[in-house]
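What follows is one structure encoded as structure tokens, with my remarks underneath.
These numbers come from the heavy atoms of this one structure, side chains and all, not from hydrogens, waters or symmetry mates. We number each residue from 1, following the sequence as shown.
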Amino acid sequence: MKKNWCKPKWVSLLLLCFSLSLQLSTVSPQSLPTDQNYEEFATTRTFRGEASDMPEVHCSRERSKAAWKVIEEYLMPYVEKERYQIPRTCRLHPDNDLYRDQEQHKIRIDIYEWQCGYCKKRFYEEKFLDKHFDNRHHNLLNVSHSRCLADVCGALHCDVAMGAAPHKTKCNPAAAARNKHLCEGLADSCFPVNQGPSANRLHEFFLHQFCDALTCTGHQKPFSQGRKKKRMSISYIVISVLTLMLLLLYYTYLYIYRSGIKRGTQELKRVSLTQSGRKKKPS
């Protein structure tokens, strides 16, 4: 009787192990996170499950970056030349950019290596760092005081700067009028004409640089005032000149040294040949 009772027990145990192995084999490797996004997989799940009380942000990071690029290249060099301080009430002020702090915490180590300035985690593409910011450091966005810089893209011609301007699409007069009104409002708030000569000049510059092209006529092109490159610092120029001079002296010394060695070697060969020729002559 004891032998018959133990037999079904072992059979059920074997069946249980077989069913567990089948369940494990159904897990595909594609469903598991890779080394690059393992942490993002975990933090995304945590963010959705535990941080549901965070306010949802509807702001394009890519268009915000494009708007800031336009500001840096086509506006700020002229503002710095005038030594003008953009007021905090201006929507183009850096403190009013929702993603400005995160963008400043991007560290580019190499062409295929980016680092998070908050937690030092590294990524091989910038887009993965952006996803990391969205998942892990979403709580650092100043959603209460900052605004979405992408909202002023229509006034700043972000599509032209991104190379995605629809050249063949028919112009919408209503949209152009809205963007021009937005652009003129930016000029008034960022460069009030009653704030002195610098503000007055920058106000006129902003209208010509951005606002005049916001029509359907096509006569005026955006960024008509051009792009002014920042001047190189004097220290950078001095260091560059000194480096070139040191390199020139080094290679000159190297050339003279090698020429001297070669000349000395030839003299030694000539002396040795002369001496050997004298020894061969019969006495």
Side-chain angles (χ1 to χ4, degrees), residues 36 61-62 64-86 92-95 97 99-130 132-133 149 156-165 190-191 197-199 201-202 204-206 208-210 221-271:
Q36 175 66 34
R61 184 186 291 271
E62 290 300 319
S64 295
K65 286 195 290 186
W68 185 252
K69 182 180 179 182
V70 170
I71 295 170
E72 275 193 320
E73 294 184 2
Y74 296 97
L75 178 62
M76 290 310 296
Y78 298 92
V79 174
E80 292 173 0
K81 181 184 176 182
E82 293 286 348
R83 298 182 180 180
Y84 178 80
Q85 295 293 329
I86 297 179
L92 307 182
H93 193 280
D95 292 345
D97 179 14
Y99 297 112
R100 183 62 9 219
D101 187 70
Q102 288 188 351
E103 291 296 318
Q104 291 176 344
H105 279 79
K106 286 182 177 180
I107 304 172
R108 187 166 190 173
I109 300 174
D110 201 351
I111 186 171
Y112 293 118
E113 189 172 6
W114 293 79
Q115 187 179 48
C116 172
Y118 297 116
C119 63
K120 308 305 179 184
K121 182 176 174 63
R122 298 190 177 190
F123 304 85
Y124 60 85
E125 284 189 33
E126 186 181 7
K127 64 180 181 180
F128 292 115
L129 180 55
D130 289 337
H132 171 76
F133 282 148
L149 195 60
L156 298 179
H157 307 278
C158 292
D159 291 332
V160 177
M162 296 171 66
C190 299
F191 312 105
S198 296
R201 286 191 295 268
L202 288 171
E204 291 297 321
F205 165 81
F206 192 89
H208 293 306
Q209 182 81 321
F210 300 101
K221 300 297 181 182
F223 316 129
S224 60
Q225 304 300 306
R227 179 195 305 180
K228 180 175 291 187
K229 296 182 180 179
K230 293 185 178 181
R231 295 180 179 178
M232 292 187 294
S233 62
I234 298 175
S235 59
Y236 176 80
I237 297 173
V238 171
I239 292 172
S240 301
V241 172
L242 289 176
T243 304
L244 289 174
M245 291 178 64
L246 289 174
L247 287 173
L248 181 61
L249 290 173
Y250 170 75
Y251 283 111
T252 303
Y253 170 78
L254 192 62
Y255 173 76
I256 295 173
Y257 177 75
R258 288 184 176 180
S259 299
I261 292 177
K262 187 176 181 181
R263 192 179 301 111
T265 305
Q266 290 175 352
E267 290 292 335
L268 287 174
K269 286 183 179 179
R270 187 162 50 248
V271 170

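Ring centroids of Tyr78 and Phe206 are separated by 6.0 Å or more, keeping the two rings apart. Ring to ring, Tyr74 and Phe223 are close: their centroids are under 6.0 angstrom apart.
In this structure a side-chain-to-backbone donor-acceptor pair under 3.5 Å is present from His157 to Phe210. With hydrogens and angles disregarded, no donor-acceptor distance shorter than 3.5 Å links the side chain of Gln115 to the backbone of Ile107. Panel note: side chain Gln209, backbone Gln225; a donor-acceptor pair is recorded below 3.5 Å. Using modelled atom types, one side-chain atom of Ser224 and one backbone atom of His208 make a donor-acceptor pair closer than 3.5 Å.
Within 6.0 Å of CD on Glu126 lie more than 12 heavy atoms contributed by other residues, nucleotides or ligands.
To the nearest 0.5 angstrom, Leu202 atom CG is 10.5 Å from Lys81 atom NZ. Taken from CD1 in Ile71 to CD1 in Ile86, the straight-line distance is 7.5 Å, to the nearest 0.5 Å. If you take CD on Gln102 and SG on Cys116, they are separated by 8.5 Å, rounding to the nearest 0.5 Å.
Residues Glu103 and Lys106 are paired through a salt bridge, judged by an N-O separation under 4.0 Å between the basic side chain and the carboxylate. Ion pairing of Asp130 with Lys65 is present here, as a side-chain N (NZ or NE/NH1/NH2) and a carboxylate O approach within less than 4.0 Å. The pair Glu113-Arg108 does not meet the salt-bridge criterion, since no charged nitrogen lies less than 4.0 angstrom from a carboxylate oxygen.
The two atoms that bring Ala199 and Phe191 nearest to each other are O-CB, 3.5 Å, heavy atoms only. Nearest heavy-atom pair, Ser198 versus Tyr84, reported as atom, atom and distance to 0.1 Å: CB-CD1, 4.4 Å. Annotation for Leu156 and Val70: closest pair O-CG1, 3.5 Å, computed over non-hydrogen atoms. Closest non-hydrogen pair, Leu149 versus Ser64, comes out as CD2-O, 3.7 Å.
A cation-pi arrangement, defined by a distance under 6.0 Å to the six-membered ring centre and an angle within 45 degrees of its axis, is present between Arg100 and Trp68.
No option in Glu125, His132, Lys127 other than His132 meets the side-chain contact (heavy atoms from CB on, under 4.5 Å) test with Leu129.
Between Tyr118 and Phe133, the ring-plane angle classifies as perpendicular under the 30° and 60° cut-offs.
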